[in-house]
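What follows is one structure encoded as structure tokens, with my remarks underneath.
A quick note: this is a predicted structure, and the numbers were derived from the prediction, not measured.
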Amino acid sequence: SPLLPDYFMSEYKLDVNPNSKFGMAGKLAVAFAELLLEIQNARSAGSNVVAPRDFKRIFSDFKPQFAGWKQQDAQEFLSMFLAGLSEDVNRTTQKPYRELKDSEGRPDEEVASEYWQSHCQRERSAVAALFS
């Protein structure tokens with residue numbers, strides 16, 4: 001989505017959550033923004049090559065199973081990357097605990113609405129808005 005790079009090229013700094021218990025206190029968001037800037041600068045210089053060493057190191061600090069140079073599952077990386085990125089720019093600083101009831105025969109629409117409301121109370125980030 002072109003909205004994600006646009007957001008990380010300008011507005012994300014207003015949303016960085018340095019106190020997040022679940023993310024990297026904004027480090028992953030900053031590393032991603034810096035990587036996007038490197039890519040933009042390389043393209044402006046007529047190059048299509050960027051070595052994302054700093055980004056990979058910071059992501060590996062967040063998820064150690066991605067340290068080293070072994071091949072990893074792309075879907076697993078993308079899932080963990082988006083979750084970490086979302087947490088780093090999550091506007092919800094205190095996530096409320098909500099115990100969700102089982103469906104117990106209630107209509108699917110009612111259960112889905114309850115779960116969605118809970119999700120929206122805990123996840124208020126541009127990344128979650130784009131990919132939820």
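With rounding to the nearest 0.5 Å, the separation of CG in Leu85 from CG in Asn90 is 11.0 Å. Considering CZ of Arg43 and CD of Glu38, their distance stands at 12.5 Å, rounded to 0.5 Å. Interatomic distance, CE of Met80 versus CD of Gln65, reported as 4.5 Å (0.5 Å rounding).
If you chain together hydrophobic residues whose side chains sit under 4.5 Å apart, Leu14 and Leu37 never meet in one group.
The minimum heavy-atom distance linking Val127 with Leu82 is given by the pair CG1-O, 3.7 Å. Val16 approaches Ala25 most closely through the heavy-atom pair CG1-O, 4.4 Å. The shortest non-hydrogen separation linking Lys27 to Asp88 is N-OD2, 3.4 Å.
Lys56 NZ: more than 12 foreign heavy atoms inside a 6.0 Å radius.
For Phe8, the ring-ring contact (aromatic ring centres under 6.0 Å, His included) partners two or more places apart in sequence, or in a different chain, are Tyr12, Phe32. Residues forming a side-chain hydrogen bond (donor to acceptor under 3.5 Å, both in side chains) with Asp15 (at least two apart in sequence, or on another chain): Tyr7, Arg91.
Each of Glu110, Glu109, Glu104 was evaluated against Arg106; a single residue qualifies, Glu110, per the salt bridge (charged side-chain N to carboxylate O under 4.0 Å, His left out) test. No option in Phe55, Phe131, Phe62 other than Phe55 meets the ring pair (Phe, Tyr, Trp, His ring centres under 6.0 Å) test with Phe81.
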Let me check something: any side-chain donor-acceptor pairs from residues 44-54 under 3.5 Å, sequence neighbours excluded? List them with distances.
from, atom 1, to, atom 2, distance (Å)
Ser44, OG, Gln40, O, 3.1
Ser47, OG, Val49, N, 3.1

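Counting heavy atoms from C-beta outward, Phe77 and Lys63 have side chains that stay 4.5 Å or more apart. Two residues are said to be in side-chain contact when any heavy atoms from C-beta on lie closer than 4.5 Å; Ile58 and Met24 meet this criterion.
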